[in-house]
Protein chains: 2
Amino acid sequence: MREQSSTRRVADKFRKRIADQEWAPGYRMPSRGELAQEYGVTEAVIRRAQEALIVEGLLEGRVGSGTYVAEPRERVRVVRSPERERTSGSAFEADMAALGKRATWESRSDAMVPAPADIAARLGIPEGDYCVRTTYEYLANDKPVQLSTSWEPYSITAGSLVVMPEAGPLAGEGVVRRMAEVGIKVTRAAERPEPGHADAEEANLLGIQKGALVTRIQRTYYSDDGRAVETADIVVPTALCEIVYDVSFGS
Amino acid sequence: MREQSSTRRVADKFRKRIADQEWAPGYRMPSRGELAQEYGVTEAVIRRAQEALIVEGLLEGRVGSGTYVAEPRERVRVVRSPERERTSGSAFEADMAALGKRATWESRSDAMVPAPADIAARLGIPEGDYCVRTTYEYLANDKPVQLSTSWEPYSITAGSLVVMPEAGPLAGEGVVRRMAEVGIKVTRAAERPEPGHADAEEANLLGIQKGALVTRIQRTYYSDDGRAVETADIVVPTALCEIVYDVSFGS
DNA sequence: TCGAATTTGTGCGTATGTATC
DNA sequence: GGATACATACGCACAAATTCG
């Protein structure tokens, strides 16, 4: 049997008290000082044990207030599939409808933003070309669950009614329908999920702990002639959303 | 201007020296003692700065040897799409073929493994029912790039030639073709990617740093009558693989 | 309302373990 | 097998936010 560290031993005891419901969701743990005395260790050990459980999503620290047993949050299921893209309205609305939740979002668009190098590469345009940049915060029953920043080459929609994704007659209708308005047939999307940690700003916007695990999805829509027409960075917090890719194939 | 921590300041200097190629890939950094003296900080600060860059994949620590500038590894592109499932052979083979790499794998199957609770739930069978469990290590040009553990209810393939996924006439042909052999039509897969960190064992098998970011994919195949026929946990290290979901839709 | 006490978060330092050369 | 170098665990001080009289 291997010797275990104090930190881990304490963390395991915390886990047990939580699993046994001795400490129920919402319960405020005793302070570090009290716990240190109770377990016969220093406050730093208590701190690190809590930290481990915070990363696991079992605890939640609130500065100046205390460390609480996390309420088990219902995770929102986000389905990505070709079918979702064919429906009217946004994919997010379809997801929330399936869960019986109200889908809303806040957005802010800026036209004429020069494309940074990485975005330009993804869109296949020269660096510095103007883009319409839109940032989104998606809400399920008024609680934030996802963030997104989308980029479209300005040249594609310039002068049309759909320059701004969230204004005009097709606001909120999704890229496919909006692009159809300017004669572009969007037929394909590529999604590249990558793991990461929430920075302070993202944690704030999403109401999650800083450093919590997130999936960052680089999504790019392509027209039938193979040109990229929109690309987006989507932040999906693991604590709040479950991502499901549906891969259907006939025989 | 905000005051920055010593650790971050040092980390930024390291980044610059790497970006400027003053420290090229493969270069062994001076020891912590030397660096501490050079930058006028303690060894702990150096350690933490290196740690940050290790997480980012820029540095690589080798115990007893030194800390090295990581060789920029070519990432293997893993495409998930309905088309991939229709091709003969495994999806992994198709991915590697597209990159001009040699796809091989090592596997180990155990029949008659009682299903743990979570696997049973995913397969829709009672806990403790027998399963065939297969663990895989996938190699591209002989270097490990992915891990996987797959579970199939024993009852489905018992007595047939395809009980063991990697033995018999259809070894390595993938779930779809093997199930066809016992009269089951597999028409759908659901993939649930989640972010995580590599534990010590995974890091060893994959030749990556412990704690490095990985995507864990829970994949489940369903037959045309909606029953789950196989489920797998796939570990995809970010440092080695890029995951692309192809979502195609006609109009 | 305000300020002092309380409580968590961050950064840094030290000691020791362990693998490599 | 000793010296070297990275990894881990632990401890301390202080900053930041909240709470409450």
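So you know, we letter chains A, B, ... as the sequences are listed, proteins then strands, and number each from 1. Worth knowing before you read on, the calculation uses all heavy atoms, side chains too, and leaves out hydrogens, waters and symmetry mates.
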request  = For atom CD of A:Glu74, decide whether the heavy atoms of other residues, nucleotides or ligands shown that lie under 6.0 angstrom number more than 12.
outcome  = no

remark   = Nearest heavy-atom contact between B:Leu206 and B:Gln146 is CD2-N, 3.6 Å

Interatomic distance, A:Tyr27 atom OH to A:Tyr68 atom OH [nearest 0.5 angstrom] = 11.0 Å

message = Within the supplied structure, the quantity of interest is the number of heavy atoms (other residues, nucleotides, ligands) at a distance under 6.0 Å from B:Glu201 CD; does it exceed 12?
response = no

key: Nucleotide nearest B:Thr42 (side chain, heavy atoms from C-beta), chosen from C:dG13, C:dT10, C:dT8   = C:dG13

ask   = Could you state the CZ-C1' distance from B:Arg28 to C:dT20, rounded to the nearest angstrom?
value = 11 Å

inquiry  = Using the side-chain heavy atoms of B:Thr7, tell me which of these nucleotides is nearest: C:dC12, C:dT14, C:dG9.
reply    = C:dC12

ask   = With A:Glu93, which residues qualify under salt bridge (charged side-chain N to carboxylate O under 4.0 Å, His left out), at least two apart?
value = none

request  = Going 5' to 3' through nucleotides 15-21 of chain D, assign each nucleotide B (protein heavy atom under 4.0 Å from a base atom), S (under 4.0 Å only from sugar-phosphate atoms) or - (no protein heavy atom that close).
outcome  = --BBS--

key: d(CD, A:Glu60; C1', C:dG9) in whole Å   = 14 Å

inquiry  = Rounded to whole Å, how long is the line connecting atom CD of A:Glu43 with atom P of C:dG9?
reply    = 13 Å

message = Quick check for you: among D:dC10, C:dC12, C:dT10, whose closest atom lies nearest to any side-chain atom of B:Val45?
response = C:dC12

ask   = Counting heavy atoms not belonging to A:Arg62, are there more than 12 under 6.0 Å from its CZ?
value = yes

inquiry  = Is B:Ser6 close enough to C:dC12 that one of its side-chain N or O atoms is under 4.0 Å from OP1 or OP2 there?
reply    = yes

remark   = Separation of D:dT8 atom P from A:Arg48 atom CZ, nearest Å, is 14 Å

task = Would you mind reading off the distance between A:Lys210 atom NZ and C:dG9 atom C1', rounded to a whole angstrom?
result = 9 Å

query = Does anything in residues 29-38 of chain B reach DNA chain D, meaning a heavy atom under 4.0 Å, and if so which residues?
reply = B:Ser31, B:Arg32

Pairing residues for A:Val113 by the side chain to side chain contact (heavy atoms under 4.5 Å, CB included) criterion, not counting sequence neighbours = A:Asp110, A:Arg133, A:Trp151

With a 3.5 Å cut-off and sequence neighbours excluded, list the donor-acceptor pairs that the side chains of residues 32-44 of chain B form with protein atoms.
| unit_1 | atom_1 | unit_2 | atom_2 | d |
| --- | --- | --- | --- | --- |
| B:Glu34 | OE2 | B:Ser31 | N | 3.3 |
| B:Glu34 | OE2 | B:Ser31 | OG | 3.3 |
| B:Glu38 | OE2 | B:Arg17 | NH1 | 2.9 |
| B:Tyr39 | OH | B:Arg17 | NH1 | 2.8 |

ask   = Quick one: A:Leu59 CG to C:dT7 P, roughly how many Å, whole number?
value = 16 Å

task = To the nearest Å, give me how far apart CD (B:Gln50) and C1' (D:dC6) are.
result = 8 Å

inquiry  = Taking salt bridge (charged side-chain N to carboxylate O under 4.0 Å, His left out) as the definition, give me every residue that meets it alongside B:Arg47, ordered by chain and number, with sequence neighbours left out.
reply    = B:Glu51

remark   = A:Ile54 CD1 to C:dT8 P, in whole Å, measures 9 Å

